[in-house]
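The next block holds one structure in the form of structure tokens; read it before the comments.
Protein chains get the first letters and strands the later ones, always in sequence-line order, with residue 1 at the start of each.
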2 protein chains.
Amino acid sequence: MPTTESPSDFIQPMLKGPSAQLFASLSLAIHEHKLLPGTKLGEDELSDIYKVSRTVVRTALQALSHSELVELKRNRGAFVSQPTVREAREVFEARALLEPRTARSAAERMTEEALERLEKHISAEHDALAAGQSGRALRLSGQFHIEISRIADQSTIAGFIERLVARSSLIIALYWKRQSALCEKHAHHALVDALRRGDGADAEELMKSHLLDILSALDLREVAQPAINLKDILGK
Amino acid sequence: MPTTESPSDFIQPMLKGPSAQLFASLSLAIHEHKLLPGTKLGEDELSDIYKVSRTVVRTALQALSHSELVELKRNRGAFVSQPTVREAREVFEARALLEPRTARSAAERMTEEALERLEKHISAEHDALAAGQSGRALRLSGQFHIEISRIADQSTIAGFIERLVARSSLIIALYWKRQSALCEKHAHHALVDALRRGDGADAEELMKSHLLDILSALDLREVAQPAINLKDILGK
DNA sequence: TAAAACTTAATTGTATACAATCTTGTGCGC
DNA sequence: GCGCACAAGATTGTATACAATTAAGTTTTA
């Protein structure tokens, strides 16, 4: 397997085995924008690269499809998903609905151990940025959100948030317009502060504005399709 | 295929083919409580019953696993899921968070066509009850909720609601304590009325109380596990 | 020369064979 | 009769072969 980093933080429908490892590798590559939206993931190609049979590849691709990171097109192949503008809006609307209250809930359940985990996340994120690993930083900032949802200890909603974060990664790959890194530097710090203080209301407000900030950096203008008349353009 | 009714309303990750059909058949059987929580779904057995190869069965089972209707246990097989009491609570908490606002949104977007679809759902539900098909009535009542989420036209949240409704079906199979049918007869009528009037506030309130009603019919007491001393009980 | 028809190659969908793991049954010793 | 070790059988995980479909290339037709 080319990838050595196995993020146990990703949804893993299969418990173990080569298909789980392949799922994790591809998931990581997608989250870190090494595999960009629209990329075709051919079964034989992956089978060659990862030295597993097509069976394993297919299982992993199906799981990625169910994680909504990959779109399977029957008889045509698997492609890294390309969320539409509309879907981008929906995803962030759903995040705005779920994450602030989750942050509040997390604040009410805070432990030293959980705080430590969050701080490690932020630290790792900054390290990745300092090392010029923007993809890794991006993934870690997404996981920061997932970590908060886990602290809130409502696994059904945490599962949804995990999906939304995954989807957001693709949306960001397609629509991000800001030069700087994904999550504004201070936002995560401020969140951790609020969580440390057990201040649910503050955590909730900070998460709201944090999500709005992310959303504001996405270029979600509906691009009017110009009525192209090729004959007029190319005709002589 | 033993089942002729193919509910296009279920999540179908695979677009077509025998695995999609098998997925639909098993999904329907689970939703209608023909396959109960804990039931083992053996690959060879399903392969024999449905006259498809194990490959197709495995694909369908993986999809069912991702729909959270089935739990895959590595090297042990696939089983219809058995949500815990805790998870039951979480699912209904998530439903209480998502569905009322969705009902409000649906009320604001109501069309004659959508109304007609809802009324057909209710009618079919009553027909099933009258015919003593409680499983079918149960599935239809769940789909009524899904239909509302579709009218609300937020596909990300509709997808979550669909998952929650699926999970609810299992929860109901395990924990339902009321003799009567799942959804109180008047509740769906009242909802359709509010939706017809475009009364979002009313729709939201009715959905809230409807979900509370369902929740109240579930026996979610944490069962204290008695410390059973078999020697004392059986010893002479 | 462009479009349509046909052929070939590539890829995905499915079946089947083999390997790995788990469960159940049997035999043996105490 | 019980517990343990081992064997056999059943089932799942994976690899490979074959079938079906799509994409790309080539030839024919107007």
| field | Euclidean distance, atom CG of residue A:Leu72 to atom C1' of C:dT11 [Å, nearest integer] | value | 14 Å
Protein-nucleotides 7-9 of chain C N/O pairs under 3.5 Å:
none

| message | Nearest to the A:Thr55 side chain among C:dT16, D:dT11, D:dA15, which nucleotide is it? | response | D:dA15
| field | CD on B:Glu93 to CD on A:Gln154, rounded to 0.5 Å | value | 4.5 Å
| task | Enter the distance from B:Thr59:OG1 to A:Gln62:CD here, rounded to the nearest 0.5 Å. | result | 5.5 Å
| remark: Whole-Å distance, B:Leu46 CG to D:dT11 P, equals 12 Å
| For the pair made of CG in B:Asp44 and P in C:dA17, what is the distance, rounded to whole Å? | 13 Å
| message | Just the rounded figure in Å: distance from C1' of D:dT14 to CD of B:Gln62. | response | 14 Å
| request: Please state whether the phosphate of C:dG13, meaning OP1 or OP2, lies under 4.0 angstrom from any side-chain nitrogen or oxygen of A:Arg58. | output: yes
| task | Between C:dT14, D:dT12, D:dT16, spot the one nearest the side chain of B:Lys40, thanks. | result | D:dT12
| Does any donor atom in the side chain of A:Arg139 or A:Gln143 lie under 3.5 Å from an acceptor atom in the other side chain? | yes
| message | Set out, in order, the CA-CA distance, both residues' side-chain angles and the distance that settles side-chain contact (heavy atoms from CB on, under 4.5 Å) for B:Leu170 and B:Arg167, then state yes or no. | response | CA-CA 5 Å; B:Leu170 297 170; B:Arg167 205 75 178 153; 3.9 Å; yes
| field | Separation of D:dA15 P from A:Leu22 CG (nearest whole Å) | value | 11 Å
| task | Please report the closest heavy-atom contact between A:Pro83 and A:Tyr175, naming both atoms and the distance. | result | O-OH, 2.7 Å
| remark: Comparing nearest nucleotides in DNA chain D, the 5'-proximal residue of the pair A:Val56, B:Gly42 is B:Gly42
| Any chance the side chains of A:Glu90 and B:Ser155 put a donor and an acceptor closer than 3.5 Å? | yes
| Between C:dT16 atom P and B:Lys51 atom NZ, what is the distance in whole Å? | 13 Å
| note | d(A:Leu69 CG, A:Arg163 CZ) to nearest 0.5 Å is 9.0 Å
| request: Could you tell me the separation between the CD atom of B:Glu43 and the P atom of D:dT14, rounded to a whole number of Å? | output: 11 Å
| message | Looking at A:Arg76, is its backbone amide N or carbonyl O close enough to the side chain of A:Lys40 to form a donor-acceptor pair, meaning the two atoms are under 3.5 Å apart? | response | yes
| For atom CZ of B:Arg54 and atom P of D:dC18, their distance in whole Å | 19 Å
| task | To the nearest 0.5 angstrom, please state how far the CG atom of A:Leu72 sits from the NE2 atom of A:His66. | result | 7.5 Å
| query | About how many Å separate NE2 of B:His121 and CD1 of B:Ile146, when rounded to the nearest 0.5 Å? | reply | 8.5 Å
| task | Work out how much the helix from C:dT1-D:dA30 to C:dC30-D:dG1 bends between its end axes, five pairs an end, to the nearest 10 degrees. | result | 10°
| query | Counting heavy atoms not belonging to A:Glu45, are there more than 12 under 6.0 Å from its CD? | reply | no
| said: Base contacts versus sugar-phosphate-only contacts with protein, heavy atoms under 4.0 Å: please encode nucleotides 20-25 of chain D as B, S and - from 5' to 3'. | reply: -SSS--
| Going from CD1 on B:Ile172 to CG on B:Leu218, what distance comes out if it is rounded to the nearest 0.5 angstrom? | 6.0 Å
